[in-house]
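Source: prediction; values computed, not measured.
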Amino acid sequence: MKKCRITVMRVACYTDLMERYENPMEHACDMHEGQVFIANGWQKPAGLCDSAWESMSAFVMTLAHGGENLYDGWMKNKKSAMISCNDGFRPVSFLIEALEEDADL
């Protein structure tokens with residue numbers, strides 16, 4: 001099983017939707033572009049949003065176990081995936097890449 005690098009590629013914020021539909025929140029997502037997390041196999045990295053992890057964990061698990069070409073040729077790197085979290089107000093896009101480094105088991 002390999003480690004995976006998870007890079008925050010884009011952070012969006014739809015304030016018009018938030019003002020119209022969202023209840024006030026004390027703590028919202030604080031991801032920022034360029035932030036990098038390393039998943040040890042399929043284990044959630046410290047500091048990564050739980051909701052984002054739920055959106056990507058199956059992709060991380062597949063790549064960590066040697067899966068490739070998850071999008072049928074869409075990705076230039078067949079050992080990678082581009083996913084977004086499921087927050088409709090503050091979606092974050094992540095690039096997940098399998099590393100050559102073995103996971104610490």
Using the rule given for side-chain contact (heavy atoms from CB on, under 4.5 Å), can you reason through Phe89 versus Cys13, listing the C-alpha separation, both sets of side-chain angles and the distance that settles it, and then say yes or no?
CA-CA 6 Å; Phe89 299 117; Cys13 186; over 6 Å; no
Ile38 side, atom CD1; Gln43 side, atom CD - distance, nearest 0.5 Å:
13.0 Å
Would you compute the distance between atom CZ of Phe37 and atom OG1 of Thr7 and round it to the nearest 0.5 angstrom?
9.5 Å
Kindly check if the number of other-residue, nucleotide or ligand heavy atoms within 6.0 Å of NZ (Lys78) is above 12?
no
Before you tell me yes or no, could you show the steps for Met56 and Ser84 under side-chain contact (heavy atoms from CB on, under 4.5 Å), namely the whole-Å CA-CA distance, both residues' side-chain angles and the distance that decides it to 0.1 Å?
CA-CA 8 Å; Met56 73 174 73; Ser84 294; over 6 Å; no
Is the shortest side-chain heavy-atom distance between Glu33 and Met9 below 4.5 Å?
no
Starting from Leu95, can I reach Trp53 by hopping between I/L/V/M/F/W/Y residues whose side chains sit under 4.5 Å apart?
yes
Decide yes or no on side-chain contact (heavy atoms from CB on, under 4.5 Å) for Met82 and Met75, but give the supporting numbers first.
CA-CA 8 Å; Met82 179 69 75; Met75 297 295 291; 4.3 Å; yes
Side-chain heavy-atom pair Val8, Phe94 within 4.5 angstrom cut-off
yes
Worked check of side-chain contact (heavy atoms from CB on, under 4.5 Å) between Lys79 and Leu99:
CA-CA 8 Å; Lys79 294 181 180 183; Leu99 301 175; over 6 Å; no
Please name all residues satisfying side-chain hydrogen bond (donor to acceptor under 3.5 Å, both in side chains) with Asp104, sequence neighbours left out, ordered by chain then number.
Lys3
Under the side chain to side chain contact (heavy atoms under 4.5 Å, CB included) test against Val92, which residue among Val11, Ile83, Asn86 passes?
Val11
Least distance between heavy atoms, Cys4 atom then Ala98 atom:
SG-CA, 4.0 Å
Examine Leu70 and Met61 and state if one hydrophobic cluster contains both, with Ile, Leu, Val, Met, Phe, Trp and Tyr joined whenever side-chain heavy atoms are less than 4.5 Å apart.
no
Residue pair Gly41 / Ala103: nearest heavy atoms and the distance that separates them:
N-CB, 3.5 Å
Assess whether a salt bridge exists between Arg5 and Glu101, defined as any Lys/Arg side-chain N lying under 4.0 Å from an Asp/Glu carboxylate O.
no
Quick one: list whatever passes salt bridge (Lys or Arg N to Asp or Glu O under 4.0 Å) with Asp50, sequence neighbours left out.
Lys44
Group every Ile, Leu, Val, Met, Phe, Trp and Tyr by side-chain heavy-atom contacts under 4.5 Å, then state whether Met1 and Phe59 land in the same group.
no
Among the clusters formed by ILVMFWY side chains lying less than 4.5 Å apart, do Val36 and Leu63 turn up in the same one?
no
So, taking the atom named CG in Asn77 and the one named CD in Glu97, what distance separates them when rounded to the nearest 0.5 Å?
6.0 Å
Side chains of Asp87 and Ser51 only: does a donor on one sit below 3.5 Å from an acceptor on the other?
no
Residues pairing under side-chain hydrogen bond (donor to acceptor under 3.5 Å, both in side chains) where one sits in residues 13-22, two or more places apart or in two chains, turn out to be Glu22-Arg90
